[in-house]
Amino acid sequence: MEQVAAEKAAPPALPEKQVEGAPVVAPHRERTSVEREADLLTPAPYEPGTALYRQVLPGIIQVPVDAVLAVSRKSSLWPMTFGLACCAIEMIATFMSRHDLDRFGVVPWPSPRQSDVMIVSGTVTKKMAPAVKLLYEQMPNPKWVISMGACATNGGPYTRYDRVLQGVDKIIPVDVYVPGCPPRPEALMDGFLALQEKIMEERNK
Amino acid sequence: MVAEHERSLEVVDIPINMGPQHPSTHGVFRMVLMVDGEKCVDVIPHIGYMHRGGEKLMEAMDFRQGIGYCDRTEYLAQFSAELAYVIAVERLMDVQVPERAEYIRVILTELNRLSSHFMFMGAFGIDAGVFGTSFTYAFPQREYLQELFEEVSGDRLMYAYFRVGGLAWEVTDNFVQRCHEVLKHTQQGIRDIDELLTKNEIFIGRCQGIGAFTADQAIAYGLSGPMLRASGVPWDLRKDEPYSVYDRFNFEIPVGNYGDVYDRYLVRLEEMRQSVSIVEQALEQLPAEGPIVAEKLPRRLRTPPGEVYAKVEAPRGEWGVYLVSKGGDKPYRLKMRSPSFCNLSALREMCLDQFLADTVMILGSMDIVLCCVDR
Amino acid sequence: MTLPDGQEPEAKPDDAGQPAASAPEPGAEQPSEAAPSTPEAGTDAPKAEKPPAAAKAERPARPAKEAEPKTAPRVAPPAESVNEAVAAASGVTLSAVYIVPDWKGESVAVEVSRDDVPAVLAACRDDERLDMKYLRCLSGVDWQEEGLEVVYHLYSLSKKRGITVKTRVSYDDANVPSVASVYPAAEWHEREARDMFGINFTGHPDPRPLLLPDDMIDHFPLRKDNPLQEIEEWQGDSLREGAGEEEE
């Protein structure tokens, strides 16, 4: 990282051969006011390890940013309440006072635009599948999906009916599968903790 | 003198889609409302997002396996659904259920009615705008009841405890004492909800006069349960066509006057009190010992050919099971007449000429369970 | 109450896995269940040796004539039952009248021809003696060779008695007049029966599909010739195109 920093610190070199009579073209020319404004608006590309504070105060603030981001993401997962069927009742019971999920930072949020996790709780039928896909795409990155219950995992007890989607992972990528019919609230909490571990493990990707 | 730019204006009705996913907990239900300003001009409900083929699958399951599907179809009043199915098969097979099993069935079904109505109180409060308080009052009460059910049947939500001819296994030794404990909590819970909601000015303002339905309309649309009773029809299957041992208990049927949303809430609240009274009476009359399964049941249950329509009073209305059997160990045709389906068919009639915000209240007052609607 | 082997022909074409599981078992259980005395116990013993391979045939051999019938014996109701009032009020000839079990005791079922259905139901609703304003349930039943059947359960809240009205149509001509104008409750039930069985209710005010997605409405699920999927028949990766592109 120091090497990269050293390269960035050196000024760019002038061209070697200059044509006689031609004006000296310096690589650094005065920027126009429009370009100055564009510089202010365009964020500089971020490369890990090259932040300004590392050059100014090397060795004093050595917090890995990706770890901070991962911890903050996992501690405040806001699920979109996507209660489809019977598992929704156990999901609500998990949010309530007996098995409180709020202590993990999990706040149920009705809107997909402001949520991190989608808990697919219940059977996904083929009539509902386009809506599920649309809701998944409406969620901003980073997003995760918890497939709660047997129906969302592989169709569950209704898998033999041809209007039922055999598992929600046929249309969206799933991160954590919570088995059960319906899973106990403790099992859903375990699913959330597993998702938190996964977020910590995957923080560099 | 109309200005030039105003002459070309036209008024259109706006379609508003309350899509299959919306923040109330009623499940995947879609309504397209044609709205003229704030008034609803037309309501087009779209259901079928939870159609999972419960009836078709139950044709492939024998009479023990099918009980699990009954639970999952009506996932808030599971014992009522199981009871209807089991009564239908028993009626066809002419099986006599022992007394102790009947009493325990009644106790569990009434406690299940309490837990279902608590869920209604929670969700209905959310629709009215209480934003979470009613849920936090209702769900601990459901947790007490679910603990009791878990001790008895082994599962928190999908009990599968009733069997053809009685029960699956004997209840726990301290069942009566546990029931009394749970009833104490429940009575406190009913008082809490009552104090929170019933005389609340905002709640009354949101509920009174909304979605009124006359008795004739209610009967014509096939409504049942608290929806029918709130409209003034004193019809309760437990009193008028008593099944199991309901004719031995002394309880009243709350009947409303106006058929509006507030009446439906009051009817359900009073039903909870009556259910507590039924459970207390049943616990007193419960025979201390006795078999819990009918004797001499074959290991493989087979019904003689025939048909039967069995009905019970579920918390939402009349849950009917029309069972056609061709003489096998599986039903030939099983139609579940779900109360939510029939109640929901009247939604359009109730929501016409109501304000947009009131349609949510009307839908909430119907207390539908989407798996029950779509099966 | 023992039953002949292979009595599930309606299940056989669907489920290749099922007959193998169910055929030996009734055979194996017959001897133990022959203890309660049944007249068919003697005839069932040779059937216990029926090989499962025969059960896998398209239509297994029909049981011998001395076996129990598939339909319940039809018992006529006592005199002055509700069917006579119905016949008198609607002026319709009832094709069959018999009793079916009810919550306590029995109730009456009548069969009418499909064109008479609106008249009969209107008579049940409007007549003073009947006063059956409550349509409890409207369901379809698929009797394979005998056609499709629509069953109406009517009830009178004031008189506390009900009647079951049935009508039967064939597969080719599955049209039944709609009763949505008589009982508004029937609207959604008829839409559902149309989705599930393909029975066309003529004159229905709103014949849109109710339960099925719009692109799957012609494959009627509850008909017996549309079996359930086998567990091994997964839906495949046809839906997977979108899933792989998403990043976490």
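If you take CD on B:Glu349 and CD on C:Glu187, they are separated by 9.5 Å, rounding to the nearest 0.5 Å. Note that OG of C:Ser139 is 5.5 Å distant from OH of B:Tyr322, once rounded to the nearest 0.5 Å. Note that CH2 of C:Trp188 and SG of B:Cys342 are 10.0 Å apart. Values are rounded to the nearest 0.5 Å. B:Arg337 contributes atom CZ, which lies 8.5 Å from atom CG of C:Leu135 (distance to the nearest 0.5 angstrom). For the atom pair CD1 of B:Ile219 and OH of C:Tyr183, the computed distance is 11.0 Å after rounding to the nearest 0.5 Å. Distance check: B:Met50 CE to C:Leu211 CG gives 12.0 Å after rounding to the nearest 0.5 Å.
Side-chain contact between C:Leu210 and B:His46 is absent, with no heavy atoms from C-beta onward closer than 4.5 Å. In this structure, the side chains of B:Glu307 and C:Lys166 come closer than 4.5 Å at one or more pairs of heavy atoms.
B:Lys335 and C:Glu192 are joined by a salt bridge, as a carboxylate oxygen and a charged side-chain nitrogen come within less than 4.0 angstrom of each other. The pair B:Glu241-C:Arg161 does not count as a salt bridge, with every side-chain nitrogen at least 4.0 angstrom from each carboxylate oxygen. A salt bridge does not link C:Asp142 with B:Arg333: every distance from a Lys NZ or Arg NE/NH1/NH2 to an Asp or Glu carboxylate oxygen is 4.0 Å or more.
Shortest non-hydrogen contact noted between C:Met196 and B:His51 is CE-NE2, 3.2 Å. Scanning all heavy atoms of the two residues, the minimum distance from B:Gly222 to C:Ala185 falls at N-CB, 3.7 Å. Listed here is the closest heavy atom pair of B:Leu223 and C:Tyr134: O-OH, 2.8 Å.
In this structure, the portions of C:Arg136 lying under 4.5 Å from any heavy atom of chain B include both its backbone and its side chain. B:Phe341 touches chain C through backbone and side chain together, each having a heavy atom under 4.5 Å away. Using a 4.5 Å cut-off between heavy atoms, B:Ile44 contacts chain C through its side chain alone, with no backbone atom that close. With a threshold of 4.5 angstrom between heavy atoms, C:Val182 does not approach chain B through any atom at all.
In this structure a side-chain-to-backbone donor-acceptor pair under 3.5 Å is missing from B:Tyr221 to C:Ala186. The backbone N or O of B:Tyr332 sits less than 3.5 Å from a side-chain atom of C:Lys224, completing a donor-acceptor pair. At distances below 3.5 Å, not a single donor-acceptor pair connects side-chain atoms of C:Lys133 with backbone N or O atoms of B:Ala220.
Counting heavy-atom pairs closer than 4.5 Å to chain C, the top residue among B:Leu237, B:Leu344, B:Ile47, B:Val233 is B:Ile47.
Annotation: C:Tyr155 is in aromatic contact with B:Trp235 [ring centroid separation under 6.0 Å].
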